[in-house]
Amino acid sequence: MEFDLFLRYGPDLLKGFGITLLCWIIGSAGGAALGFVIACLMRWSAAPVRWVLGAYIELIRGTPFMIQLFLLYYGGPYMGLVLTPVQAGITSFIVYGSPYFAEIFRSGFQAIPPGQIEAARAIGISEFTILRRIMLPQTLVLITAPLTNFVIILSKETAILSVVTVPELLFQTQTMAAETFTYVEPFLALSLFYWLLVVLTAELGRRIEIRATRHLKRAASST
Amino acid sequence: MQFSFDVILHNLPYMLGAARFTLLISITGIALAIVLGTFICAARIGRSRVLRVLSGLYISAFRGVPLLVQLLLFYYMLPRIGLDLPAMPAAILAVGMCSAAYVAEIQRSALQSIPSGQTEAAEALGISPFALWRRILIPQALRLGLPSLINELILLVKVSSLASVVGIGELTRVAQNITGQTYRPLEIYITAALIYFVINFTLSQLGRYAERRLALT
Amino acid sequence: MTQTETSPSDPIMTVRGMSKWFGNFKALDAIDLDVNRSEVLCLIGPSGSGKSTLLRCLNFLEHYDEGEVRKDGALIGWQEGPSGPRKPLKPAALRAQRHHIGMVFQQFNLWPHFSARQNVAEALRQVKGLSADDANARALDALDKVNLKDKAENFPSGLSGGQQQRVAIARAIAMEPDIMLFDEPTSALDPELVGEVLTVMKDMAAEGMTMVVVTHEMGFAAHAADRVAFLESGRLVTCRPPDEIFGAEPSDARLRSFLQTYRERNVV
């Protein structure tokens, strides 16, 4: 394998990784934020709003990310929405992730025994305070695992952004492969790189989970 | 430019035709994944340490690399190692092998969710290990795993769109081609999205129906 | 129908003609009941008789459909107004009513991510707006009253069921309610832990707290209650002092058979 190839294209690959990270982080954070709002609205808003959001969730989850991306990037200009590839990539990423994040938050909310919320209501604690002080702290601990899991899935989905020429890691690798007529080695190396990224992120998530649930385990073991 | 239903109507037959390939990839893909995944699952929970490590590596690797990268790697690697498969079987193989890693984990968690007391009860009655698996564990694992397997199939319908990148004429690729000719991305991609949605919605309803029918109450 | 024979009339809560449906099922049927200041009123009856539902209507955790529940004259849960379909109170107004009505649940319902002290202090800070220091001091006082000051920093998972229930009681009394509602407070407890909770409740009664207690502990009802109300099939059958309920053969056949079943189950 020719290592000077990677040296020559090193800066481009590094830049590509930077774009991958950017799309991944903003996409995940934005998707989680939007998903949280959706989950809250699904719980507390009137039936018509819930119905519309339910349709949104089903539609986004029922269609491939690639089609959503094409629709926004190529179809957007016909709706007066002209976006750069990176803008379109990040936006569609946020939209794509939001229903999955919403489901994660919803299941977290549901896992809290209703009696706890009832007890808070019986004392006269407001709904917003119940969300902030009783539900969220417990929900975040409960959903650490599915949350990191989905963020890891998103890290892999960033590769799809290459199809609308977002200059992320896969795109840079493809460019390099095409210019040098070597295909197997670059894609093999790229696979290893993603694998490493995923394994490391999973490990990080596992540590966060252990840390987040530590007080529960300690308390439980003292009985 | 006005939204044109004519464009949709005119191109719908082509797109529906292409959707057959989408279904072909995902259904053969899941079939392959179930067979392969069951073996990997068996290796993962079996007695052999080597097989456990290898199956663990397989699962980790295929779940750790973006499917699009796997597809490209397959596309360029297969000829290099002397396997000159046509594009479609190559894509199905790639999708199936990747999905097998997920199916293996689905089977494993289904098996593990069967209370160990059932195995003990069977052993106490003197039921043979083979009969235990065939009559008690596997039927339950399939029931327990069925919703997840249908989810996996829905996932495959969606990820089959990635095969467009290596030139396979499934729904996404055909939508791209039609867009290239008509310059009507809005109409065409909305239509494609709706076709995908109808397929997946049907599958998820089927899944719910099956889940209800198989539910142990 | 039997409400009339109670004497010292200083009701803190009045229930008049209250009915409640779950779908087509009439869970409560035209309940009339007074809760007098500083009395201990026990609600007994077979499961499904509606006694928990009645209790939960008193602080509007369940919405009653007909009739009135009033505390110190104010209608609970619904907006006061002319007849016709009633509107529920605005959330803030309902919360304000609940500040004065404490409640203890069968399943404790402590918040597992807070320590015992934090469980008690939370509402003091969020609802009463106390500073962290004041809330903590009050929380420790309340825990002291239920003999749990030394467990203040334990999390619920590190407490026995009886201790958890006492924390839940402390959480309610720290709010200085005018009346306390207990929904089968000892039913989820192991038998050996029931006593410590009942002791705390008797102490509260001795200090003059108004208490409405749904219970299966006939011993508690017989010895600690001022009056005992017997419900069956959503109706209030009778409400009398405990010696009239548990003493000589009760006149009402349904009460007689309920107590009979109860005694048979608890023969030692």
Side-chain angles (χ1 to χ4, degrees), chain A residues 20 55 58-81 96 149 152-164 168-171 173-174 177 181-202, chain B residues 1-3 22 57 60-81 151 154-165 170-173 175-176 179-180 183-204:
Chain A
T20 292
E58 289 294 325
L59 273 173
I60 301 289
R61 299 215 304 176
T63 52
F65 176 51
M66 215 166 172
I67 292 286
Q68 296 163 17
L69 185 60
F70 284 160
L71 201 50
L72 184 68
Y73 183 63
Y74 296 116
Y78 293 89
M79 300 181 289
L81 199 67
Y96 165 72
N149 212 5
I152 287 169
I153 289 176
L154 284 183
S155 79
K156 293 183 287 168
E157 310 276 41
T158 55
I160 297 175
L161 298 179
S162 63
V163 296
V164 293
E168 47 70 73
L169 193 53
L170 174 58
F171 185 81
T173 310
Q174 281 174 305
F181 303 107
T182 43
Y183 291 94
V184 174
E185 288 83 359
F187 287 124
L188 210 54
L190 185 65
S191 300
L192 283 174
F193 182 81
Y194 274 115
W195 188 11
L196 203 65
L197 181 70
V198 163
V199 169
L200 287 179
T201 315
Chain B
M1 198 150 61
Q2 281 252 305
F3 194 90
T22 291
L57 271 179
S60 169
F62 278 87
R63 298 209 309 179
V65 179
L67 181 58
L68 183 53
V69 176
Q70 288 180 37
L71 275 165
L72 288 167
L73 189 59
F74 253 68
Y75 185 71
Y76 294 116
M77 185 112 122
L78 285 182
R80 175 79 79 86
I81 59 172
N151 255 339
I154 291 173
L155 214 65
L156 287 196
V157 170
K158 290 190 280 177
V159 299
S160 67
S161 63
L162 299 181
S164 63
V165 175
E170 44 65 73
L171 181 52
T172 299
R173 181 67 178 203
Q176 276 176 291
T179 305
Y183 300 101
R184 290 282 190 171
L186 213 53
E187 289 87 342
I188 297 302
Y189 288 132
I190 285 178
T191 310
L194 286 178
I195 295 174
Y196 277 113
F197 179 73
V198 168
I199 293 174
N200 283 335
F201 187 76
T202 312
L203 285 175
S204 73

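Chain identifiers are assigned alphabetically (A, B, ...) following the order of the sequence lines, protein sequences preceding nucleic acid strands; residue numbering begins at 1 within each chain.
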Please state whether the side chain, the backbone, both or neither of [X] comes within less than 4.5 Å of a heavy atom of chain B.
X: A/V184; result: both
X: A/L188; result: both
X: A/E58; result: both
X: A/S162; result: side chain

Given a strict heavy-atom distance threshold of 4.5 Å, which part of [X] is in contact with chain A: side chain, backbone, both, or neither?
X: B/S164; result: side chain
X: B/Q70; result: neither
X: B/L67; result: neither
X: B/I195; result: neither

- Item | Heavy-atom closest pair, residues A/Y194 and A/E168 | OH-OE1, 3.8 Å
- Short question: side chain of B/S161, backbone of A/M66 - any donor-acceptor pair under 3.5 Å? no
- Query: With no hydrogens and no angle check, is any side-chain donor or acceptor of A/K156 less than 3.5 Å from a backbone partner on B/R63?
  - Reply: yes
- Task: Side-chain contact test, heavy atoms from C-beta onward, threshold under 4.5 Å: evaluate it for B/F74 versus A/F187 and give yes or no.
- Result: no
